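Following: one structure in structure tokens, then a few remarks.
All values derive from a computational prediction rather than experimental measurement. In what follows, every chain begins at residue 1, and chains take the letters A, B, ... in the order their sequences are listed.
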There are 2 protein chains.
Amino acid sequence: MIAEMVFVGTELLLGQIVNTNAAYLGERLSELGIDHYYQSVVGDNAKRLAGVLNLAVSRSDVVIACGGLGPTLDDLTRETVAELTGRELEFNDEIWQTIRRRRPNLPENMKRQAMVPKGAKVLPNDTGTAPGLAVPDQSDNKLFILLPGPPNEMKPMFDKYAVPVLLERMGERAVLVSRSLHFCEIGESPLEDRLMDLFAGQVDPTLATYAKPGHVQLRISTKAHTREEGLAKIAPVEEEIRRRVGEYIYGVDGTTLEEAVGELLLGRNWRVFIADAGTGGILASRLTDPPGANAWFAGALVAASTTQLVQMIMAEEQPGAGTGSEVGNGAAASEALAMDLAKHLLARMDGVSVGISILPAAPGEAVVALATAAGDTRTALAQWRGNTQDYRWRVSQAALGALRRLAMA
Amino acid sequence: MIAEMVFVGTELLLGQIVNTNAAYLGERLSELGIDHYYQSVVGDNAKRLAGVLNLAVSRSDVVIACGGLGPTLDDLTRETVAELTGRELEFNDEIWQTIRRRRPNLPENMKRQAMVPKGAKVLPNDTGTAPGLAVPDQSDNKLFILLPGPPNEMKPMFDKYAVPVLLERMGERAVLVSRSLHFCEIGESPLEDRLMDLFAGQVDPTLATYAKPGHVQLRISTKAHTREEGLAKIAPVEEEIRRRVGEYIYGVDGTTLEEAVGELLLGRNWRVFIADAGTGGILASRLTDPPGANAWFAGALVAASTTQLVQMIMAEEQPGAGTGSEVGNGAAASEALAMDLAKHLLARMDGVSVGISILPAAPGEAVVALATAAGDTRTALAQWRGNTQDYRWRVSQAALGALRRLAMA
């Protein structure tokens with residue numbers, strides 16, 4: 001089956017919004033095993049929209065159109081597709097009542113959103129008002145799937161309501177089941193190397209890796225009659241992957257590294273204090289992001305340089321090692337000082353189980369030192385040439401990775 | 001003149017990257033006054049790429065194609081456009097030498113990047129290897145502009161080398177000149193209200209606002225024979241805007257709010273210390289982002305709650321007001337406590353000229369208090385319903401806005 005995407009909206013052409021829906025749907029289609037060769041963007045213009053949709057349906061089996069389902073006059077997708085498929089629009093009171101239950105004071109012009117081409121299937125909108133539609137052509141050879149433009153409405157609707165329609169149309173009474181494994185402290189290439197035979201031999205389930213900033217995602221996908229059956233097919237593959245590289249897997253599906261680390265800290269009843277001259281506070285912001293961070297986050301000192309950080313922490317005590325040292329003293333000296341500071345945090349602050357310090361070691365390079373109240377230590381070196389924001393993110397990623405190791409030990 | 005964009009790359013179809021180039025070019029074309037009705041995305045497939053380019057050139061005067069200019073075999077744009085325009089590819093030694101000067105150990109297959117369709121204009125690549133190309137069709141009625149896919153190569157090349165080609169083609173021996181003004185502490189609607197007559201009457205220069213997270217951008221654009229002439233046309237419009245709403249303008253063109261604030265702090269020789277239970281460290285990360293932050297950033301304490309922050313700062317001294325208070329005590333109580341803390345920072349830390357404290361006041365609401373060593377104070381309330389990251393960003397935006405006001409006073 002060949003699908004094609006059409007994105008509708010003048011704001012896309014003008015560059016007022018970035019089309020993130022395209023990447024989302026692209027990933028999904030490839031997981032579903034649906035080929036897709038073209039995407040088009042067109043403005044809110046009836047003639048041009050009809051032209052683009054016509055071309056798309058001439059060369060593809062399924063056309064997924066995003067946007068233009070709203071209540072205003074320049075929302076044209078519903079009407080245009082009704083005309084292309086020769087289907088009359090009917091008012092659907094059930095949709096209207098659902099919309100009104102959610103938003104009681106709606107103006108009457110919102111009624112357009114309750115119009116449905118005769119014979120189309122309604123795709124409920126659990127997070128907004130305009131429902132989606134699956135509209136077959138007269139011969140039922142081709143299908144238009146209309147989705148709303150806002151990503152927070154489009155994504156759940158696609159996953160929950162459009163995917164089953166697509167799978168049924170592929171002749172598969174199947175559901176798509178996938179698990180995403182998230183890896184830290186290992187790059188995409190070494191990961192693929194360790195799993196090479198699994199990648200080479202993959203048929204069902206399929207495997208795909210995605211390199212993200214500072215982490216790698218591996219998605220295992222399969223089609224099955226039920227979600228349970230799918231998960232049962234995925235389980236042995238996941239097990240084999242975990243057997244080989246499980247130590248690097250910090251979470252599954254939507255889990256972030258900070259959530260995974262927070263969970264581990266909670267389990268150990270650990271509280272972390274950070275002395276940070278390396279990420280400008282990014283590590284603190286990540287560790288305080290998950291709900292309940294109060295339990296594991298004891299606080300952070302953020303400084304713009306090693307000197308400043310040492311002054312903040314040590315006050316008059318001044319350790320010998322590297323006081324006054326700045327970027328350029330090299331990794332070894334920075335590492336020794338960082339470990340001093342991490343240990344110092346344990347002694348100085350009440351109720352701290354882990355001290356973390358981060359110091360710049362060289363341009364684009366930072367050392368992370370961790371020390372626990374029980375006497376365990378760990379260090380990590382983070383390197384990244386790029387802009388400040390990417391660099392800091394990756395340093396915080398290295399610190400979280402090291403903290404995770406320590407909490408797992 | 002009508003332009004159209006074609007984006008080339010299977011990684012776009014698969015959703016491995018988000019197409020941010022589309023939004024960038026969309027903004028630029030609309031500033032240039034060039035109409036554009038369609039965008040297409042197509043994979044690295046010769047036949048389909050030729051089909052998409054053919055369609056594009058049939059309905060537009062200029063086709064801007066991004067991507068597929070690299071050295072590998074699946075980079076097909078150069079060859080495909082040469083064939084479509086009936087122009088032979090010639091090896092251009094000057095390009096090859098330029099590429100080799102930048103990267104001396106290049107393999108021979110990189111030579112493809114030095115192939116130029118006969119009669120095409122080369123658009124230099126100041127930030128990468130593959131140059132861009134402006135390739136007219138045989139009758140010189142239509143033009144293909146080929147740009148590299150990586151945004152850090154595409155954007156400067158488009159602005160510096162493709163824009164002049166486009167303007168010349170529009171029959172205007174002109175350059176596009178624009179100034180972007182950045183506003184904080186004012187929303188898009190109130191800003192447009194205060195400038196309504198300027199927007200209504202605009203012909204040349206043109207005005208356009210863009211709402212960004214926590215700030216508004218206003219771009220003034222014009223075409224002129226020279227950059228100086230353009231700036232002279234923009235100056236009186238900018239002056240009138242500044243007369244009305246100048247107090248909200250924190251910077252021009254690429255300036256960030258943290259850079260603008262850093263500059264002001266530097267000018268006043270102020271050093272800022274932050275006590276932060278509201279942004280999880282984001283404010284510190286922004287204030288330490290510009291180079292030279294050492295001069296104005298004295299450090300930060302980051303906590304996960306008001307209680308924790310108070311404990312960190314006050315140690316045994318415990319102020320009466322709100323010790324032990326958490327989210328929910330309301331804005332007034334939080335504001336009083338925040339001001340206590342801000343003043344306390346001044347007293348407690350050496351060489352601090354401004355103390356800033358940020359406390360949560362209610363769900364989705366934070367108070368910011370600022371106090372200077374000279375006795376000036378300022379407070380701000382930030383509200384945002386959304387995910388944690390957006391919320392924290394906007395709270396940090398409010399804090400920087402208030403700090404800016406204080407530093408300007």
Side-chain angles (χ1 to χ4, degrees), chain A residues 5 7 12-20 22-30 36-43 45 48 52 55 210-211 274 276 279-289 293-305 307-309 311-312 349-350 388-389 392, chain B residues 5 7 12-20 22-30 36-43 45 48 52 55 210 274 276 279-289 291 293-305 307-309 311-312 349-350 388-389 392:
Chain A
M5 300 180 203
F7 301 93
L12 285 167
L13 291 178
L14 295 178
Q16 289 164 350
I17 48 176
V18 172
N19 188 356
T20 55
Y24 186 84
L25 290 171
E27 262 192 34
R28 281 289 181 274
L29 289 183
S30 86
H36 108 271
Y37 301 132
Y38 302 101
Q39 297 171 354
S40 305
V41 179
V42 62
N45 171 286
R48 287 192 284 268
V52 167
L55 172 65
Y210 302 88
I274 302 164
D276 177 5
T279 79
I282 296 296
L283 179 60
S285 80
R286 294 184 65 185
L287 263 182
T288 55
D289 192 48
N294 246 322
W296 62 76
F297 182 79
L301 296 164
V302 181
S305 68
T307 312
Q308 194 180 74
L309 187 66
Q311 283 167 354
M312 283 174 73
M349 308 276 169
D350 266 2
T388 309
Q389 274 148 31
R392 287 175 165 186
Chain B
M5 299 179 205
F7 301 94
L12 285 167
L13 291 178
L14 294 177
Q16 289 164 351
I17 48 175
V18 171
N19 188 355
T20 54
Y24 186 84
L25 290 171
E27 263 192 34
R28 280 289 181 276
L29 289 183
S30 86
H36 108 272
Y37 301 131
Y38 303 102
Q39 297 172 355
S40 305
V41 179
V42 62
N45 172 287
R48 287 192 284 269
V52 166
L55 173 65
Y210 302 87
I274 302 166
D276 178 5
T279 79
I282 297 296
L283 178 60
S285 80
R286 294 183 66 185
L287 263 181
T288 54
D289 192 47
N294 246 323
W296 60 77
F297 183 79
L301 296 163
V302 181
S305 68
T307 312
Q308 194 181 75
L309 187 64
Q311 283 167 353
M312 285 173 70
M349 309 277 169
D350 265 3
T388 308
Q389 273 148 29
R392 288 174 164 186

Say you draw a straight line from CD1 of A/I282 to OG of B/S285; how long is it, rounded to the nearest 0.5 Å?
3.5 Å
Ranking A/V18, A/D276, A/L309 by heavy-atom pairs under 4.5 Å to chain B gives rank one to A/V18
Taking all non-hydrogen atoms of both residues, which atom of B/A293 and which atom of A/A304 are closest, and how far apart?
C-CB, 4.5 Å
Turns out that what part of B/I17 lies under 4.5 Å from chain A's heavy atoms comes down to backbone
Which bit of B/D289 comes within less than 4.5 Å of chain A, counting heavy atoms only: side chain, backbone, both or neither?
both
Is chain A contacted by the side chain of B/S40, its backbone, both, or neither, given a heavy-atom distance below 4.5 Å?
both
What part of A/L29 lies closer than 4.5 angstrom to a heavy atom of chain B: side chain, backbone, both or neither?
neither
side-chain contact (heavy atoms from CB on, under 4.5 Å) partners of A/L13, counting only residues at least two apart
A/V41, B/H36, B/Q39
Residue part contacting chain A, namely of B/Y38, when any heavy atom lies under 4.5 Å
both
Portion of B/L55 that has a non-hydrogen atom of chain A nearer than 4.5 angstrom:
side chain
Salt bridge (Lys or Arg N to Asp or Glu O under 4.0 Å) partners for A/R28, two or more places apart
A/E31, A/D159
Going by heavy atoms in the side chains, are B/Q308 and A/T288 under 4.5 Å from each other?
no
When heavy-atom pairs shorter than 4.5 Å are enumerated against chain B, which of A/A22, A/G43, A/G281, A/A298 gives the highest number?
A/A298
So for A/Y24, is it side chain, backbone, both, or neither that comes closer than 4.5 Å to the heavy atoms of chain B?
neither
